Amino acid sequence: MTQQSSGQEQNRLSKIYTKTGDKGTTSLDDQRRVSKTHCRIEAIGSVDELNAWMGLLINQLKETQTLHDRLYKPLESIQHRLFDLGGELAMPGYQIIQESYVTDLEVLLDELNENLPLLKNFILPGGSQLACYCHMVRTVSRRAERRVIAAKEAGEALNPPLMQYLNRLSDLMFVVARVIARHSGGEVLWKQSQKRRI
């Protein structure tokens, strides 16, 4: 955690609790105090949860050397960018997430997707525990994206690459889940129930 004063370098907080949020508010970097349910804080919280799931996925990669060698560094880099993304949300008027970060995700996505067979049916979030963690990252990424969009629709100024990054990340994690599932148990295809008009 860091705090920043205008024109001064960042200093690490030496105290974990400050009691300033005991009444249900918190501060943004532009000195606004807002409710902890404010749309921007909801977005920050969802990105924080997303980062935690990414950390769990990265940790579990250690169990499979082949997948670890292929995915660890890219996912670790993404985890750092997610922390940057949360920081940008906390600092209205600043930009951290760049278009090049979005391009990096697209390049990785195309690379991983190139050797996967075409899907002829939807897949379920399963296949292995590791693949399930990927789907958790994917779905929380989608929620974080929705929270960011809600903040923008509420009038918060947000930079386009930030929203694009979350959108590409959820796409990437779908592909990563496919790669992992095919390596460790196979993909679980959806068995469609019969439908009828009512």
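Since we're looking at a predicted model, the values are computed, not measured.
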Review point. So if you build clusters from Ile, Leu, Val, Met, Phe, Trp, Tyr with side-chain heavy-atom gaps below 4.5 Å, do Phe122 and Leu124 land together?
Key: yes
**Study point:** Shortest non-hydrogen contact between Cys39 and Glu156, atoms and distance
**Key:** SG-CG, 3.9 Å
Show me the donor-acceptor pairs, under 3.5 Å and distance only, between side chains in residues 100-118 and residues at least two apart or in other chains.
residue	atom	partner	partner atom	Å
Thr103	OG1	Glu99	O	3.3
Glu106	OE2	Arg168	NE	2.7
Glu106	OE2	Arg168	NH2	3.3

Check your understanding: Checking Glu88 side chain against Ile96 main chain: does a donor-acceptor pair fall under 3.5 Å?
Key -> yes
Exercise for review: Any chance you could measure Leu89, atom CG, to Ile44, atom CD1, to the nearest 0.5 Å?
Suggested key: 5.5 Å
Check your understanding: Hey, does Thr64 have a side-chain heavy atom less than 4.5 Å from the side chain of Ile180?
Key -> no
Practice item. Can you see which heavy atom on Pro92 is nearest to which on Ala90, and at what distance? Key: CD-O, 3.3 Å
Study note, to complete from the structure: Of all heavy-atom pairs linking Ala181 and Gly126, the shortest is CB-O, 4.2 Å
**Study point:** Any donor-acceptor pair under 3.5 Å from Ser141 side chain to Val137 backbone
**Key:** no
Review point. Can you find a heavy atom in the side chain of Trp53 that is under 4.5 Å from one in the side chain of Leu56?
Key: yes
Practice item. Go through the steps for Arg40 and Leu158 under the test side chain to side chain contact (heavy atoms under 4.5 Å, CB included), then give the verdict. Key: CA-CA 10 Å; Arg40 194 176 276 266; Leu158 295 167; 3.7 Å; yes
**Study point:** Taking every non-hydrogen atom, the tightest pair across Ala177 and His135
**Key:** CB-NE2, 3.5 Å
Check your understanding: How far apart are the closest heavy atoms of Leu57 and Leu130, and which atoms are they?
Key -> CD1-CD1, 3.6 Å
**Study point:** Ala144 versus Leu50, closest heavy-atom pair with distance
**Key:** CB-CD2, 4.5 Å
Review point. Would Glu76 and Lys73 count as a salt bridge (charged side-chain N to carboxylate O under 4.0 Å, His left out) if you check the C-alpha gap in whole Å, the side-chain angles of each, and the deciding distance to 0.1 Å?
Key: CA-CA 5 Å; Glu76 183 185 45; Lys73 285 187 178 180; over 6 Å; no
Review point. How long is the span from the CD atom in Gln164 to the CD atom in Glu145, to the nearest 0.5 Å?
Key: 10.0 Å
Review point. Applying the 4.5 Å side-chain criterion to the ILVMFWY set and letting contacts propagate, would Val179 and Met136 be lumped into a single cluster?
Key: yes
Point to revise | Approximate separation, where rounding is to 0.5 Å, of Ser128 OG and Gln60 CD | key: 10.5 Å
Exercise for review: Kindly say whether Asn159 contributes a backbone atom to a donor-acceptor pair with the side chain of Gln95 at under 3.5 angstrom?
Suggested key: no
Check your understanding: Short question: side chain of Gln79, backbone of Asn51 - any donor-acceptor pair under 3.5 Å?
Key -> yes
Review point. Is there side-chain contact between Leu166 and Met163, with heavy atoms separated by less than 4.5 Å?
Key: no
Exercise for review: Give, for atom CZ of Arg146 and atom CD of Glu153, the distance between the pair rounded to the nearest 0.5 Å.
Suggested key: 12.5 Å
Practice item. Assess whether side chain to side chain contact (heavy atoms under 4.5 Å, CB included) is satisfied between Asp171 and Val175, documenting all intermediate values. Key: CA-CA 7 Å; Asp171 293 336; Val175 170; over 6 Å; no
Practice item. With rounding to the nearest 0.5 Å, note down the distance linking CG in Leu169 to CE in Met54. Key: 5.0 Å
Review point. When rounded to the nearest 0.5 angstrom, what distance separates OH in Tyr72 from CG in Leu67?
Key: 14.5 Å
